[in-house]
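Below you'll find the structure, written out as structure tokens, and then a few comments.
Quick note: numbers below take in every heavy atom, side chains included, and nothing from hydrogens, waters or symmetry partners.
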Amino acid sequence: MSFGQIWAPWRIGYLTDLSSQESKNSSDSTGGIPSCFLCQAVEGDARSHWVVAQFPRSFIVLNRFPYNNGHLLLAPLRHEGRLEQLTAEERIELIEVMARVIPRLEESLRADGFNIGLNLGHAAGAGVPGHLHWHIVPRWAGDTNFMPVVAGVKVIPQALEALWELLNRELTPVSDEFR
């Protein structure tokens with residue numbers, strides 16, 4: 001069996017980051033994570049941190065290491081790691097945002113379905129256990145092909161820059177509805 005190459009330079013950040021995960025995920029005395037990329041995203045420039053939409057209590061950011069094209073993270077603005085730590089208003093807004101964003105994603109990405117998931121705690125797979133976030137992963141009929149099976153590779157067909165442009169344009173009207 002011969003192997004080909006797929007150029008995916010954005011993945012190097014993930015690979016080089018693996019060695020420093022233990023120090024990044026250590027909590028400070030308040031239980032927060034000083035280097036939480038989600039907290040950094042809402043405090044910084046939206047475009048450079050891949051934030052496509054912000055709401056009064058939550059925001060949506062592109063996953064820099066996507067499972068599929070259009071993979072998004074929906075998170076509360078506050079750094080909280082448990083559902084019961086969120087206010088009722090925050091929980092309601094998160095569900096409302098999902099309900100309003102999914103139809104726009106279906107239209108703009110022509111997605112046939114979605115996997116939506118929340119990992120609670122490190123043992124459940126939460127990469128940032130101190131900051132809740134839902135994964136919203138668009139899916140298309142037949143999007144599993146020979147690449148993952150034969151080559152152990154998933155092909156992401158769209159650059160993060162192009163995806164940010166599209167989703168920022170599509171989701172801004174949704175965030176405006178909350179203001």
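In this structure, the side chain of Trp134 does not engage the main chain of Ile95 through any donor-acceptor pair within 3.5 Å. The main-chain N or O of Glu170 is found under 3.5 Å from a side-chain atom of Arg104 such that the two form a donor-acceptor pair. In this structure, the side chain of Arg139 does not engage the main chain of Asn115 through any donor-acceptor pair within 3.5 Å. For Glu93 (side chain) and Arg57 (main-chain N/O), a donor-acceptor pair under 3.5 Å exists by modelled atom type. A donor-acceptor pair is defined here as one N or O able to donate and one able to accept, closer than 3.5 Å; such a pair exists between the side chain of His79 and the backbone of Gly130. Here the side chain of Asn68 pairs no donor or acceptor atom with the backbone of Val137 at under 3.5 angstrom.
Between Leu94 and Leu74, the shortest heavy-atom distance links the atoms O-CD2, 3.5 Å. Nearest approach of Leu38 to Leu73, heavy atoms of both residues: CD2-CD1, 4.4 Å. Contact between Leu132 and Leu120 at its shortest, heavy atoms only, is CD2-CD2, 3.3 Å. The heavy-atom pair separating Val52 from Trp164 by the smallest distance is CG1-CD1, 3.4 Å. Counting all heavy atoms, side chain and backbone alike, His131 lies closest to Leu77 at CE1-O, 3.9 Å. Between Pro129 and Ala126, the shortest heavy-atom distance links the atoms CD-O, 3.6 Å.
No chain of hydrophobic side-chain contacts below 4.5 Å, direct or via other Ile, Leu, Val, Met, Phe, Trp or Tyr residues, connects Phe178 to Ile92.
Every residue two or more places apart in sequence or in another chain that forms a salt bridge (Lys or Arg N to Asp or Glu O under 4.0 Å) with Glu84 is listed here: Arg82. Remark: Phe59 engages no residue in a ring pair (Phe, Tyr, Trp, His ring centres under 6.0 Å) (not counting sequence neighbours). In this structure, Arg169 has no salt bridge (Lys or Arg N to Asp or Glu O under 4.0 Å) partners at least two apart in sequence or on a different chain.
With a 4.5 Å cut-off on side-chain heavy atoms, Leu163 and Leu109 count as touching. Within the 4.5 Å cutoff, no side-chain heavy atoms of Pro56 are placed close to those of Glu89.
Counting non-hydrogen atoms of neighbouring residues, nucleotides and ligands closer than 6.0 angstrom, the CD atom of Glu107 reaches no more than 12 such neighbours.
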